[in-house]
Visitor: 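If you scroll down you'll find the structure; I have some questions about it.
All chains are named by letter (A, B, ...) in the order of the sequence lines, taking the proteins before the strands, and each is independently numbered beginning at 1.
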There are 2 protein chains.
Amino acid sequence: MSQRNTDVSVQLDMPVDCDGEAVAPFTPGQAKACTVREVLDRVGGKWSIGVLVAASHGPVRFTELERQIEGISRRMLTLTLRNLERDGLLVRRVHPTVPPKVEYTATPIALELYEYLVGLTNWAERHRGAISAARIAYDREHGPV
Amino acid sequence: MSQRNTDVSVQLDMPVDCDGEAVAPFTPGQAKACTVREVLDRVGGKWSIGVLVAASHGPVRFTELERQIEGISRRMLTLTLRNLERDGLLVRRVHPTVPPKVEYTATPIALELYEYLVGLTNWAERHRGAISAARIAYDREHGPV
DNA sequence: CTGTATCCGTACCGATACTG
DNA sequence: CAGTATCGGTACGGATACAG
């Protein structure tokens with residue numbers, strides 16, 4: 001991952017420049033792992049996927065998102081939107097009307113990402129039961145405490 | 001996501017039972033988002049992917065992992081291994097020899113997951129430049145502070 | 001309607017020391 | 001070799017109040 005203690009993870013609260021290119025030798029496998037981490041560090045926030053999915057079906061307004069994504073706070077919605085916009089995954093368009101109207105749209109890059117997320121979704125749906133069972137079995141054998 | 005404040009995220013430090021089935025009505029899109037979150041909550045930890053990748057190439061020993069995954073601490077390696085084993089993504093085999101020898105192997109489910117991670121890896125590699133550029137552009141327009 | 005600002009809990013993770 | 005135990009920092013995210 002990051003070989004120095006310069007952490008390359010997302011800073012959701014405060015933006016930070018993040019260009020930790022791999023300099024040290026990686027095993028091919030761990031290079032892959034490192035790249036996946038890059039994605040997750042950008043899109044792995046608690047709400048990013050939800051916002052992305054909602055914005056992938058056409059332009060969405062702020063309040064629409066707030067209603068569609070159950071449980072999100074106004075603060076986190078704003079932060080998530082800013083981060084996704086910053087990474088070029090969302091386009092923010094302001095209509096200078098009163099009351100103000102702001103629309104968010106997923107970029108082609110984000111739409112492409114959405115495709116791959118479907119793969120993960122299907123994986124989770126297929127194995128949800130098995131994983132749940134594995135947990136129960138594990139907790140019974142070892143102490144649930 | 002989780003409609004109550006019962007959070008379904010991973011507890012990495014302390015195991016916790018996590019079966020928050022979706023009961024409330026979801027929009028189809030947000031249902032997808034919710035399922036992806038399930039995956040990330042299991043596998044989105046800082047080191048999970050790295051461990052998974054390393055274990056997908058055959059049985060690996062504890063110390064091997066410690067060396068391959070640059071920067072991981074002994075504590076985090078143990079915790080990550082325990083979580084993955086609990087979810088049925090890793091099998092732990094103990095050889096009762098002296099000195100002790102423990103081997104971790106990815107299960108078929110984990111191998112399948114690995115396939116899908118490749119999709120994300122390729123996505124990141126394709127768009128790494130564009131995202132980086134988008135960040136720079138964004139930070140120049142809005143304040144980098 | 002679309003945000004900002006502030007306070008604060010807690011999960012995640014690192015460092016370090018100890019053990020069968 | 002393969003862990004466990006404990007302490008502490010800090011980023012993430014929730015609640016709430018305020019604003020253009």
Visitor: When the distance from NE2 of A:His142 to C1' of D:dT4 is rounded to whole Å, what number comes out?
Guide: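 Taking atom C1' of D:dT4 as the reference, NE2 of A:His142 is at 15 Å.
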Visitor: For the pair made of CG in A:Asn83 and C1' in D:dG13, what is the distance, rounded to whole Å?
Guide: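 Distance check: A:Asn83 CG to D:dG13 C1' gives 13 Å.
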Visitor: Rounded at 0.5 Å granularity, tell me how far CG in A:Leu77 sits from CH2 in A:Trp47.
Guide: 10.0 Å
Visitor: Roughly how far, to the nearest 0.5 Å, is CG of A:Leu81 from CZ of A:Arg92?
Guide: 9.0 Å
Visitor: Which residues pass the salt bridge (charged side-chain N to carboxylate O under 4.0 Å, His left out) test with A:Glu64, sequence neighbours left out?
Guide: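 Result, salt bridge (charged side-chain N to carboxylate O under 4.0 Å, His left out) vs A:Glu64: none returned.
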Visitor: B:Met76 has an atom CE; how far is it from atom P of C:dT16, in whole Å?
Guide: 16 Å
Visitor: Between C:dC13, D:dC1, C:dT4, which nucleotide gets closest to the side-chain atoms of B:Pro100?
Guide: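 Taking heavy atoms from C-beta onward, the closest nucleotide is D:dC1.
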Visitor: Roughly how many Å is it from CD in B:Glu103 to P in D:dG3, rounded to a whole number?
Guide: 12 Å
Visitor: From C-beta outward on A:Arg82, which listed nucleotide comes closest to its side chain: D:dA2, D:dT4, C:dG3?
Guide: C:dG3
Visitor: To the nearest 0.5 Å, what is the distance between CZ (A:Arg61) and OH (A:Tyr104)?
Guide: 11.5 Å
Visitor: Is the shortest side-chain N/O distance from A:Lys46 to OP1 or OP2 of C:dA11 below 4.0 Å?
Guide: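 No, outside the criterion.
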Visitor: On the nucleotide D:dG14, are OP1 or OP2 found under 4.0 Å from the side-chain N or O atoms that A:Arg74 carries?
Guide: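 Result: no.
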Visitor: Which atoms of nucleotides 5-8 of chain D (N or O only) lie under 3.5 Å from a protein N or O atom, and what are those distances?
Guide:
none

Visitor: Under 4.5 Å between any side-chain heavy atoms of A:Ile109 and B:Arg126, yes or no?
Guide: no
Visitor: Taking a hydrophobic cluster as the set of Ile, Leu, Val, Met, Phe, Trp and Tyr residues connected by side-chain heavy atoms closer than 4.5 Å, whether directly or through intermediates, do B:Leu113 and A:Tyr138 fall within one such cluster?
Guide: no
Visitor: Between P on D:dC1 and OH on B:Tyr104, what's the gap in Å once rounded to a whole number?
Guide: 14 Å
Visitor: Output the rounded distance in Å from CG (B:Leu79) to P (D:dA2).
Guide: 17 Å
Visitor: Hey, any chance A:Leu79 and A:Val91 share a hydrophobic cluster, counting ILVMFWY side chains that come within less than 4.5 Å of each other, even indirectly?
Guide: no
Visitor: CG of B:Leu77 versus C1' of D:dG3: gap in Å, rounded?
Guide: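 After rounding, the gap between these two atoms is 10 Å.
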Visitor: Nearest to the side chain of B:Leu12 - C:dT4, C:dC1, C:dC12?
Guide: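 Per side-chain heavy atoms of B:Leu12, the pick is C:dC12.
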Visitor: Hey, are the side chains of B:Tyr114 and B:Leu52 touching, using non-hydrogen atoms and a 4.5 Å cut-off?
Guide: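 A side-chain contact is absent here, since even the closest heavy-atom pair is not under 4.5 Å.
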Visitor: Which residues, if any, of residues 54-67 of chain A bring a heavy atom under 4.0 Å of DNA chain C?
Guide: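 A:Arg61, A:Phe62, A:Thr63, in order of number.
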Visitor: What is the distance, rounded to the nearest whole Å, between atom CD of B:Glu85 and atom P of D:dA2?
Guide: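 So the CD-P distance, B:Glu85 to D:dA2, works out to 15 Å.
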Visitor: Can you tell me how far CD of A:Glu103 sits from CG of A:Leu65, rounded to the nearest 0.5 angstrom?
Guide: 10.5 Å
